[in-house]
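These numbers come from the heavy atoms of this one structure, side chains and all, not from hydrogens, waters or symmetry mates. Sequence positions, counted from 1, serve as the residue numbers for this chain. In this text the structure is predicted, and so the values were computed from the model without any measurement.
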Amino acid sequence: MEKFGKSQPVKRVEDVRFLNGTGRYVDDLAPKGALHAFFLRSPVAHAEITRLDLEDARSAPGVHLVVSAQDLLDAGVKLGMDGHLVRNLDGSKGADPERPILAKGRVRFVGEAIAAVIAETPEAAKDAAELIGYDFDELDVHIDPVPGGAQIHPEAPENIAFDWGMGDAERTKAALSGAAHHLTYEIGDNRIIANAMEPRACYAEFDGTRLHLCVNGQGVWGPKKDLAAHLGMDAVDIRVTNPDVGGGFGMKAFMYPEYFVTAHAARALGKPVRWSSERTEAMLSDNAGRDLVTTCELGFDADHKLLAYRVTTACNMGAYNSGFAQAIQTELFAKVLMGTYDVQDTYLGVKGIYTNTTQVDAYRGAGRPEAIYALERAMDYAAADLGVDAWELRRRNFIKPTAFPYTSSTGEIYDVGDFDRVLDRVAAECDLAGFASRRAASEAAGKLRGIGLCYYIESILGDPQETARVDFEEDGTATIYVGTQSNGQGHETAFTRFLSDHTGIPPEKINFVQGDSDRIQKGGGTGGSRSGTTQATATLGTVSKMIAAFTPFLAEAFDVATDAISFDDEKFRATGTNQTCTMLEAAEMARTAGRSDLLSHSATTELPGRSFPNGAHVAEVEVDPATGFTQVLRYTVTDDFGNLLNPMIVEGQVHGGVAQGLGQALTEHVVYDETGQLLTATFMDYGMPRAQDMPMVAFTTEGVPSTANVLGMKGCGEAGTVGSMAAVSNAVMDALREAGVRRADMPFTPHRVWQMLNEEKGQIAAE
C-alpha cells in the first residue's frame with residue numbers, strides 16, 4: 001500500500017476529472033429546466049434613483065419574476081447585508097451604512113445590482129431587463145481613498161468607515177524621535193481583481209418546505225446562517241452545498257446579493273433558478289483586493305538595530321462594508337505586521353475610506369500580503385538609505401531562536417522559528433554569491449539586473465475548531481466527511497491519504513465528502529490557510545476515537561484482554577496470538593454483530609493557538625531600459641511550514657501563490673476614471689499574468705515543527721503571495737536604483753518602468 005502522511009509527495013487524484021472535463025461545478029449541476037436570473041446594474045457610480053418601472057419587463061415573453069428592493073421588503077426579506085465592524089480610536093464602532101441586497105433609493109458604484117429578472121432563458125432575461133424604465137439623477141463621486149469629498153453615506157462623515165489603532169502611540173513617538181536614524185516611506189499597494197477561473201455562480205431550488213442553495217463558495221455554514229436570517233426561515237429548512245469550485249482566493253468566502261435574490265426567487269416561484277456571472281459583471285461586482293497607501297516610519301539606533309516603527313494606512317473600502325473587510329484591514333493586518341523583527345515599540349493605525357467603487361475585501365492572503373509588503377518594502381528602502389546590506393539589516397533584527405516563544409508587540413505569541421537558518425538556505429539555493437557576475441553580464445547586454453528579498457511571516461488559524469467524521473459503508477468502503485472546503489487546493493487527496501496513512505484503509509476505499517450542510521453538521525470552510533492544520537488534527541482525533549471504540553469490541557471477539565489489543569496504523573493486533581484484522585475488517589465484524597454504533601465516528605478538535613509559517617523569497621529580475629520591460633529570470637523560495645503532509649501539493653500551492661503575487665507586481669492594476677467608471681473591466685484591459693511572465697520557481701523547506709498542533713504543521717496556502725509581492729518589487733527597485741530611481745510602486749508595467757527611468761533622467765539632467 002502506498003503510504004502517505006510522512007512527508008511523501010503524492011499526485012492529486014482530483015486532477016484527473018478536472019483535466020478530462022468531468023469536474024462537477026455549479027453550472028454542471030443546475031437542474032434541467034431551471035430559470036435564469038439576470039441583474040440590471042447601475043451604469044453610473046453615484047446617483048439617486050428617480051424612477052424604476054418594472055411593468056414592461058414583467059410582461060415580456062418568458063419572464064416569470066422581476067424583483068426590486070421594494071419587492072424583497074414586501075416579501076419579508078431582510079434587505080441590509082451584514083458587515084463586521086471594528087472599534088474606532090474613541091471606542092465607538094466603525095460606520096455601519098446599510099448595504100442593500102438590491103439598490104434602494106440610491107446607487108453607489110458602477111455595477112451595483114438594482115433589479116433582477118427571472119426568465120426561461122438567459123436571452124429572455126436580458127431582453128426583459130432592457131425594458132425596465134430606469135431614470136436617475138447623477139451625484140458627485142468620490143474615487144480617491146482620502147477623507148472628504150462627495151458624501152456617500154450619511155452614517156460616515158468625511159467618508160470615513162473607521163479610524164483604528166493599536167499599540168503604544170506615545171512610547172513609539174518617543175522612540176522614533178530619539179532614534180539615530182528616523183526614516184519615513186510611503187508605499188502604495190495597487191487594487192486587484194480576483195478573477196477566479198470559474199466566476200461566481202449559484203442555483204436554488206425549493207420543494208415547498210426546504211430550500212437548497214448550491215454556490216461555488218468557501219464553506220456552507222456561513223451562507224446557511226445568512227439565508228436563514230435574511231429569508232426568515234428556520235436554518236434546519238435550508239441546505240447549502242459547495243460542489244467543485246474553480247478558485248476562491250477569499251473573494252468567494254462571502255455572501256453576495258445575487259445569492260439571496262436567487263434563493264428568494266426559487267422560493268417565490270417554486271421553480272429552480274440559476275445565475276452565473278459573466279466576466280465583466282464579475283469585475284464590476286466581485287469584492288476586490290488591496291488598494292491602500294501605507295506610511296512606514298522606522299527608527300534605528302546607530303548600529304542599525306530596529307528600535308520602533310509606526311505604520312499608518314489609508315485603505316479603500318469601496319462603497320459599502322463587505323463581510324469582514326474592516327477586520328481584515330485592521331486586526332489581521334496587525335497580527336502579522338510585527339514581522340520577524342525583534343522590536344516592541346510599535347503603533348499601527350488604519351483608516352478606512354468609502355469610495356464610489358466596488359467593495360474591497362483583502363484576498364490572496366486576507367490582510368497578510370498588505371502588512372508584509374509594506375514592512376519588507378520599508379526595510380529594503382531603509383537598507384539602501386542607511387548604506388547597509390539588505391540581507392544583513394534583516395539578520396541584525398531577526399528574533400533569535402533562543403527567544404522563542406516570543407510575544408510580539410501586537411500580542412501574538414510566536415511559538416517557534418529559526419529565521420537565520422531559513423535565510424542561509426535560500427542564500428545558497430538562489431546562488432546569492434553569483435549575483436554580481438550575473439548583474440555584470442546583464443549590464444554588458446545593456447540591461448539592468450536586480451535582486452530582491454522578502455522575509456515574511458504569517459499568522460494562521462481562522463476558526464480554531466474543525467470536525468471530521470468517518471462512516472463505514474455496507475459496500476466495504478469508508479467515507480470521510482470534512483468541514484473544510486477545497487477551492488482547488490487538493491483536499492480530496494490530502495485528507496483521504498492522511499486518513500489512509502493513519503488507519504490502513506486503502507485510499508481507493510475511501511470516499512470524500514465536503515461542502516454539504518445536510519451531511520456535515522458544522523465546519524469552518526476554507527480561508528486563512530487553516531485547512532491543513534485544523535482538518536488533519538480533527539481527522540487524527542477521529543482516528544483515535546475509532547481505535548478506542550473498536551478495541552474493547554475486538555478484545556471480546558478475539559477473547560483477549562482489552563490491553564492486549566493494539567493498532568499500528570495498518571492493523572489491529574492481539575498480543576500473544578496471531579489474530580489480526582484491518583480497520584475495514586473490524587467494521588464488517590461490527591456490522592455482522594449488529595454493532596451499528598461502531599460504524600460512525602466523529603471528533604471535533606480545537607487548536608490551542610496559531611501557527612506561524614515563515615520563509616524567504618528571492619526574486620531576480622532584468623529590466624530593459626529602452627522599453628521598460630521587466631522579466632523575472634530567477635525565483636527562489638525557502639519556507640518553514642513545519643511538518644508537511646504532501647510536499648507536492650505544498651509546492652503547487654507556493655507556485656500558485658507566487659504567480660498571484662507576481663501578477664500584482666508586474667501586470668495587474670484596477671483603474672477607475674474620475675466618474676467612477678471601471679476602465680479595466682475586460683481581459684483586454686486588465687493585465688492578468690501570462691505564462692511568459694512566470695519563471696521557474698525553486699522551492700525548498702527548512703521546517704521547524706509548530707507546537708500549536710499535534711502534527712507540527714503550519715499553513716501554506718497563502719504563503720506564496722505573501723512573499724512574492726515584496727520580493728519582486730524589491731528586485732525591480734534594486735535594478736532601477738542603478739539608474740538613479742529612488743522610489744517605485746507596483747505594478748511595474750513596461751510603460752510605468754519606462755516613465756520612471758526617463759523621469760529620473762530628466763531630473764538628473766535638470767540638476
Run the numbers on Met546 and Phe472 for side chain to side chain contact (heavy atoms under 4.5 Å, CB included), then give the verdict. CA-CA 11 Å; Met546 293 161 61; Phe472 292 97; 3.5 Å; yes
Show your reasoning for whether side-chain hydrogen bond (donor to acceptor under 3.5 Å, both in side chains) applies to Asp569 and Thr503. CA-CA 5 Å; Asp569 289 350; Thr503 62; over 6 Å; no
Test Ile238 against Arg210 for side chain to side chain contact (heavy atoms under 4.5 Å, CB included), laying out the working first. CA-CA 6 Å; Ile238 297 175; Arg210 301 197 77 223; 5.8 Å; no
How far apart are the C-alpha atoms of Thr241 and His212, what are their side-chain angles, what is the distance that settles it, and do they pass the side-chain hydrogen bond (donor to acceptor under 3.5 Å, both in side chains) test? CA-CA 8 Å; Thr241 58; His212 171 214; 2.8 Å; yes
Show, in sequence, the C-alpha distance, side-chain angles and deciding distance for Thr537 and Thr605, and conclude whether the side-chain hydrogen bond (donor to acceptor under 3.5 Å, both in side chains) test is met. CA-CA 7 Å; Thr537 301; Thr605 57; 5.4 Å; no
Carefully, step by step, assess Ser706 and Ser611 under the rule side-chain hydrogen bond (donor to acceptor under 3.5 Å, both in side chains). CA-CA 6 Å; Ser706 173; Ser611 62; 5.0 Å; no
Trace of the side chain to side chain contact (heavy atoms under 4.5 Å, CB included) decision for Asn643 with Lys714: CA-CA 7 Å; Asn643 296 329; Lys714 302 174 182 178; over 6 Å; no
Set out, in order, the CA-CA distance, both residues' side-chain angles and the distance that settles side chain to side chain contact (heavy atoms under 4.5 Å, CB included) for Asn242 and Asn216, then state yes or no. CA-CA 5 Å; Asn242 291 160; Asn216 52 7; over 6 Å; no
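Residue-environment remark: CZ (Phe324) stays at or below the threshold of 12 foreign heavy atoms within 6.0 Å. Counted within 6.0 Å of CG on Asp207, heavy atoms from surrounding residues, nucleotides or ligands total more than 12; the atom is thus considered enclosed. Annotation: Glu508, atom CD; neighbour count of heavy atoms from other residues, nucleotides and ligands within 6.0 Å is above 12. When the shell of 6.0 Å around CG of Leu29 is examined, it contains more than 12 heavy atoms from other residues, nucleotides or ligands. The 12-atom threshold is exceeded at NZ of Lys78, counting heavy atoms of other residues, nucleotides or ligands nearer than 6.0 Å.
Residues Glu198 and Lys252 are paired through a salt bridge, judged by an N-O separation under 4.0 Å between the basic side chain and the carboxylate. One finds no salt bridge joining Lys224 and Asp226 here, because no Lys/Arg side-chain nitrogen approaches an Asp/Glu carboxylate oxygen to under 4.0 Å. Salt bridge Asp27/Arg274: present, at least one basic N to carboxylate O contact under 4.0 Å. The pair Glu556-Arg595 fails the salt-bridge criterion, with no side-chain N (NZ, NE, NH1 or NH2) lying under 4.0 Å from an Asp/Glu carboxylate O.
Among all heavy-atom pairs drawn from Pro257 and Arg99, the shortest one is CD-NH2, 3.8 Å. Contact between Ile565 and Ala574 at its shortest, heavy atoms only, is CD1-CB, 4.0 Å. Taking all atoms of both residues into account, the shortest heavy-atom contact from Ile510 to Thr496 is CD1-O, 3.4 Å. Of all the heavy atoms in Met317 and Ala325, the pair that sits closest is CE-CB, 3.7 Å. For the residue pair Phe553 and Ala586, the shortest heavy atom distance occurs at CE2-O, 4.0 Å. Shown here for Thr479 and Glu473, the closest heavy-atom pair between the two residues is OG1-OE2, 2.8 Å.
For Phe498 and His502, the ring centers are positioned less than 6.0 Å apart. Phe404 has its ring centre no less than 6.0 Å from the ring centre of Phe612. Ring pair His601/Phe550: centre-to-centre distance below 6.0 Å.
Not one N or O on the side chain of Gln326 forms a donor-acceptor pair closer than 3.5 Å with the backbone of Leu85. For Arg267 (side chain) and Leu231 (main-chain N/O), a donor-acceptor pair under 3.5 Å exists by modelled atom type. Between the side chain of Gln489 and the main chain of Asn487, a donor-acceptor pair closer than 3.5 Å is present.
Going from atom OG1 of Thr262 over to atom CG of Leu213 covers 7.5 Å, rounded to the nearest 0.5 Å. Here the OG1 atom belonging to Thr542 is positioned 10.0 Å from the CZ atom belonging to Arg469, to the nearest 0.5 angstrom.
Geometrically, Arg200 engages Tyr256 in a cation-pi contact defined by less than 6.0 Å to the ring centre and at most 45° from the axis.
Of the listed residues (Arg24, Arg17, Gln514), just one forms a side-chain hydrogen bond (donor to acceptor under 3.5 Å, both in side chains) with Asp244, and that residue is Arg17.
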